[in-house]
Amino acid sequence: MKLATWNVNSLRARLGRVEEWLAANEPDVLVMQETKCDDAAFPAGAFKLLGYDTVHHGNGRWNGVAIASRIGLEEIRAGFSGEDAPSIEECRIVQARCGELRVFSVYVPNGRVVDSEFYVAKLAFLKRLREELETTGDPDEPIAVCGDFNVAPEDRDVWDIAAFEGATHVTEPERAAVRALEEWGLSDALRSLHPDEVGPFSWWDYRAGNFHKGYGMRIDLALVSRPLRERLVAAYVDRDARKGKLPSDHAPVVVEFSD
DNA sequence: ATGGTAGCGCTGCTA
């Protein structure tokens with residue numbers, strides 16, 4: 001089984017590349033972030049032609065998350081459970097059962113500036129995600145929480161930690177919030193299989209030729225529960241998807257499990 | 001070279 005997560009940075013702008021990538025890579029499930037469209041504009045038909053059922057949760061210009069699955073799509077939930085959901089989630093989370101898997105697509109707020117209201121909201125979102133797992137999940141079930149976390153878990157997950165002095169994505173509270181998800185019962189799939197590597201990065205700023213200089217970050221994560229961790233056979237970034245004409249600024253992170 | 005790009009949508013915000 002193959003599962004991928006990709007911040008596509010506008011599905012309207014990227015649909016051709018996403019279709020191409022799906023046809024070439026044939027993941028069983030692809031979760032997407034930053035679709036930047038509303039539900040009515042989501043191109044469900046294009047995915048259906050490739051064999052994927054989809055759920056989309058978006059409301060226009062910003063954010064927007066989706067799941068495409070060719071192994072079933074049930075028990076769909078857009079947003080967090082409960083009444084407080086709309087105020088905090090901003091079309092940044094959707095989940096569904098895909099065959100035996102419970103899959104989340106999450107787009108954690110950027111945070112912008114440390115200690116800003118946006119940074120506070122980022123930490124609150126991550127805390128709420130942990131609560132969602134606690135109240136609705138079981139770490140002994142096969143669960144994959146995937147997406148753009150906007151957090152680099154360790155110093156080696158950025159090209160130069162010195163360049164991040166005072167910046168978001170690398171602060172201890174952000175990292176602790178991601179660790180809290182792991183402590184609930186999830187493993188960072190890519191880091192589990194590549195414990196001694198730098199990165200590999202999954203995002204590079206469009207500006208200043210950063211991709212070509214290798215100035216990236218590993219902020220797109222696939223966090224998987226123990227039953228999946230035990231079946232994990234591959235985890236990698238498809239860096240080629242960041243190349244060529246009009247790429248997303250993120251590359252897909254792919255994880256593979258034995259059947 | 002001391003800024004750089006990209007998307008959305010029409011002005012400046014977001015990343």
Side-chain angles (χ1 to χ4, degrees), chain A residues 5-21 31-43 46 56-66 87-94 105-126 129 146-153 157-171 173-175 177-178 199 201-221 237-253:
Chain A
T5 179
W6 193 6
N7 179 323
V8 297
N9 187 15
S10 170
L11 197 48
R12 189 174 324 171
R14 214 73 60 209
L15 181 59
R17 289 192 64 128
V18 171
E19 290 173 315
E20 205 172 283
W21 192 86
V31 305
M32 290 163 276
Q33 301 83 38
E34 282 206 89
T35 59
K36 295 186 177 178
C37 60
D38 58 31
D39 291 340
F42 180 77
H56 178 258
H57 180 44
N59 59 10
R61 291 176 73 174
W62 292 304
N63 311 331
V65 285
S87 62
I88 186 173
E89 68 93 16
E90 303 177 306
C91 298
R92 293 175 180 274
I93 181 165
V94 64
S105 178
V106 301
Y107 176 45
V108 176
N110 176 285
R112 304 191 197 180
V113 174
V114 175
D115 292 336
S116 67
E117 63 181 295
F118 304 100
Y119 177 85
V120 171
K122 177 181 195 174
L123 295 178
F125 183 96
L126 286 164
L129 179 55
C146 305
D148 178 357
F149 284 77
N150 272 314
V151 177
D157 293 318
V158 301
W159 79 91
D160 177 9
I161 193 62
F164 285 81
E165 182 72 36
T168 59
H169 295 57
V170 299
T171 69
E174 290 166 274
R175 288 174 169 176
V178 172
F201 304 144
S202 62
W203 173 86
W204 299 260
D205 199 310
Y206 283 124
R207 295 169 288 187
N210 274 13
F211 177 70
H212 303 284
K213 294 183 210 164
Y215 291 0
M217 306 174 73
R218 191 174 75 91
I219 55 177
D220 299 276
L221 308 176
V237 174
D238 182 8
R239 205 167 163 280
D240 288 344
R242 181 62 173 78
K243 299 176 180 174
K245 281 193 68 177
L246 296 177
S248 170
D249 45 355
H250 295 251
V253 174

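Reminder, nothing fancy here: chain letters follow the sequence lines and each chain counts from 1. These numbers come from a predicted model, not from an experiment.
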Chemist: What's the CE-C1' distance between A/M32 and B/dG7, to the nearest Å?
Modeler: 18 Å

Chemist: Given atom CZ of A/F118 and atom P of B/dA15, what is their separation to the nearest angstrom?
Modeler: 8 Å

Chemist: Would you mind telling me which residue lines up with the more 5' stretch of DNA chain B, A/G60 or A/E34, judged by nearest nucleotide?
Modeler: A/G60

Chemist: Please report, rounded to the nearest Å, how far the C1' atom of B/dC13 is from the CG atom of A/N9.
Modeler: 14 Å

Chemist: Are there over 12 heavy-atom neighbours, none belonging to A/Y215, within less than 6.0 Å of that residue's OH?
Modeler: no

Chemist: So does A/R14 get a side-chain nitrogen or oxygen closer than 4.0 Å to the phosphate oxygens (OP1/OP2) of B/dA6?
Modeler: no

Chemist: Could you tell me the separation between the CG atom of A/N110 and the P atom of B/dT14, rounded to a whole number of Å?
Modeler: 10 Å

Chemist: Can you see if the side chain of A/R112 gets near the phosphate of B/dT14 - specifically, an N or O under 4.0 Å from OP1 or OP2?
Modeler: yes

Chemist: Using the side chain to side chain contact (heavy atoms under 4.5 Å, CB included) criterion, which residues pair with A/R17? Sequence neighbours excluded.
Modeler: A/R14, A/P247

Chemist: Can you tell me how far C1' of B/dA15 sits from CG of A/D249, to the nearest Å?
Modeler: 7 Å

Chemist: Does A/W62 have any ring-ring contact (aromatic ring centres under 6.0 Å, His included) partners at least two apart in sequence or in another chain, and if so, which?
Modeler: none

Chemist: Starting at CZ of A/R92 and ending at P of B/dA15, how long is that distance when rounded to a whole Å?
Modeler: 6 Å

Chemist: Specify the separation, in whole Å, of atom CG of A/N7 and atom C1' of B/dG7.
Modeler: 12 Å

Chemist: I want to confirm an ordering. Mapping A/S10 and A/H250 to their closest nucleotides on DNA chain B, which one lands closer to the 5' end?
Modeler: A/S10

Chemist: Can you check the A/R242 CZ to B/dA15 C1' distance for me, whole Å?
Modeler: 13 Å

Chemist: Looking only at side-chain atoms of A/A208, point me to the closest of B/dG4, B/dC8, B/dA6.
Modeler: B/dG4

Chemist: Among B/dG7, B/dG12, B/dA15, find the nucleotide with the atom closest to the side chain of A/K36.
Modeler: B/dG7

Chemist: Which part of the nucleic acid, if any, lies within contact of A/Y107, taking any heavy atom under 4.0 Å across all strands shown: a base, the sugar-phosphate backbone alone, or nothing?
Modeler: sugar-phosphate

Chemist: Could you tell me how far B/dT2 sits from B/dC13 if I compare only their P atoms? Round to whole Å.
Modeler: 25 Å

Chemist: Please check: side-chain N/O of A/S248 versus main-chain N/O of A/N7, any donor-acceptor pairing under 3.5 Å?
Modeler: yes

Chemist: Rounded to whole angstrom, note down the C1' distance from B/dA15 over to B/dG4.
Modeler: 15 Å

Chemist: Looking only at heavy atoms, what is the nearest atom pair of A/K122 and A/T168, with distance?
Modeler: NZ-CB, 4.5 Å

Chemist: What integer number of Å spans the P atoms of B/dG7 and B/dG3?
Modeler: 24 Å

